[in-house]
Each structure stands twice: as structure tokens, then as C-alpha cells.
Amino acid sequence: QVQLVESGGGLVQAGGSLRLSCAASGGTFSRYAMGWFRQAPGKEREFVAGISWIGGTTDYADSVKGRFTISRNNAKNTAYLQMNSLKPEDTAVYYCAAVTDSRFRYGSSRDAYDYEHWGQGTQVTVSS
């Protein structure tokens with residue numbers, strides 16, 4: 001059974017940075033496409049960033065492009081989300097997700113329903 005555990009969330013002032021980590025266990029991490037999603041109170045879960053399992057191809061929501069960076073370290077079974085220039089509107093619970101579907105060997109998905117495994121989430125709060 002695949003387990004994902006996020007860490008690194010917290011309270012930060014606008015303009016600051018945080019790095020989220022997603023530690024995976026129970027499967028072959030190098031064969032997962034990984035995604036980060038977020039959900040703010042009263043809003044639907046939205047795609048933030050994704051990374052493929054071959055080649056590390058990345059994809060970003062327009063709202064975070066140029067500020068956030070997704071990466072992975074297969075030797076450590078961990079995915080990361082580096083968040084810079086944070087804004088109050090980035091406040092949300094951030095979730096990592098994994099999918100082993102071969103469709104995502106060279107890409108990732110923006111659709112939460114494509115992902116098979118989810119972490120419990122980590123809170124990110126950005127104060128103005």
C-alpha cells in the first residue's frame with residue numbers, strides 16, 4: 001500500500017518562501033507521476049504542479065508559474081514543492097498525490113481524479 005506524507009507547511013508572511021516535502025513509501029516511487037494540489041476553505045481542490053516519472057517533465061498552474069518549483073528525488077522517495085514569493089491567496093491545505101498509470105510516464109495530470117494515492121495534507125498560511 002502506497003503512503004504519502006507531506007511536511008513543511010506553516011505560517012509565513014507574504015513574499016516569503018516554504019518548501020513542502022512528500023515522502024512516499026510502500027511502492028516504486030520512481031514509477032509514479034507526482035502532483036501537488038491545494039484546497040482553500042470553501043473552494044474546490046485545484047491543481048498546483050505536476051512532474052512525470054520519466055524525464056521529470058513539469059507542469060504548473062498559471063497562478064503559481066514562475067514562483068513555485070516541483071521536483072523529485074527518486075533516491076529519497078520524495079517529491080518537493082518549493083514555493084517562493086508567497087501571496088495570501090496561496091493559503092490552503094496542500095496535498096501531494098501519486099499515479100502509476102503509464103499515460104503519465106512522460107507527463108502528469110491536472111485532474112485530481114487521475115491520481116490513485118493521496119497524502120493527508122499540510123496547511124500553508126500566508127499572512128499579508
Worksheet entry | Nearest heavy-atom neighbours spanning N74 and R72 | OD1-NE, 2.9 Å
Fill in: Apart from I54 itself, residues in the same hydrophobic cluster as defined by side-chain heavy atoms under 4.5 Å
W53, Y106
Is any side-chain heavy atom of [X] less than 4.5 Å from a side-chain heavy atom of [Y]?
X	Y	answer
W118	Q3	no
Q39	E46	no
L86	F68	yes
V2	L4	yes

Worksheet item: Just wondering, are more than 12 heavy atoms of other shown residues or ligands nearer than 6.0 Å to CD in E89?
Response: yes
Do any side-chain atoms of residues 92-100 form donor-acceptor pairs under 3.5 angstrom with protein atoms, and if so which ones, sequence neighbours left out?
unit_1, atom_1, unit_2, atom_2, d
Y94, OH, R38, NH1, 2.9
Y94, OH, D90, O, 2.6
T100, OG1, E116, OE1, 3.0
T100, OG1, E116, OE2, 3.4

Practice prompt. Please report the C-alpha distance between I51 and S108 in whole Å, then the side-chain angles of each, then the deciding distance to 0.1 Å, and finally whether the side-chain contact (heavy atoms from CB on, under 4.5 Å) criterion is met.
Written response: CA-CA 6 Å; I51 188 167; S108 57; 5.8 Å; no
Worksheet item: Hey, any chance F47 and I70 share a hydrophobic cluster, counting ILVMFWY side chains that come within less than 4.5 Å of each other, even indirectly?
Response: no
Worksheet entry | Check against side-chain contact (heavy atoms from CB on, under 4.5 Å), Q13 and V126 | CA-CA 5 Å; Q13 289 188 331; V126 184; over 6 Å; no
Item to complete: With sequence neighbours left out, write down each residue that passes salt bridge (Lys or Arg N to Asp or Glu O under 4.0 Å) with D62, or none if nothing qualifies.
Response: K65
Practice prompt. Go through the structure and list residues passing side chain to side chain donor-acceptor pair (under 3.5 Å) with R105, not counting sequence neighbours.
Written response: none
Item to complete: Please name all residues satisfying side chain to side chain donor-acceptor pair (under 3.5 Å) with T125, sequence neighbours left out, ordered by chain then number.
Response: Q123
Discussion item. With a 3.5 Å distance limit and no angle check, can you tell me whether R110 reaches the backbone of Y60 through a side-chain donor-acceptor pair?
Written reply: yes
Worksheet entry | Expected output: side-chain N73 to main-chain K76 donor-acceptor under 3.5 Å | yes
Atom pairs and distances, side-chain donor-acceptor, residues 17-37, under 3.5 Å, sequence neighbours left out:
unit_1, atom_1, unit_2, atom_2, d
S17, OG, N84, OD1, 2.9
Y32, OH, T28, N, 3.3
W36, NE1, Y80, O, 3.4

Worksheet, complete the sentence: The reported gap from CG in L81 to CD in E6 (rounded to nearest 0.5 angstrom) is 11.0 Å
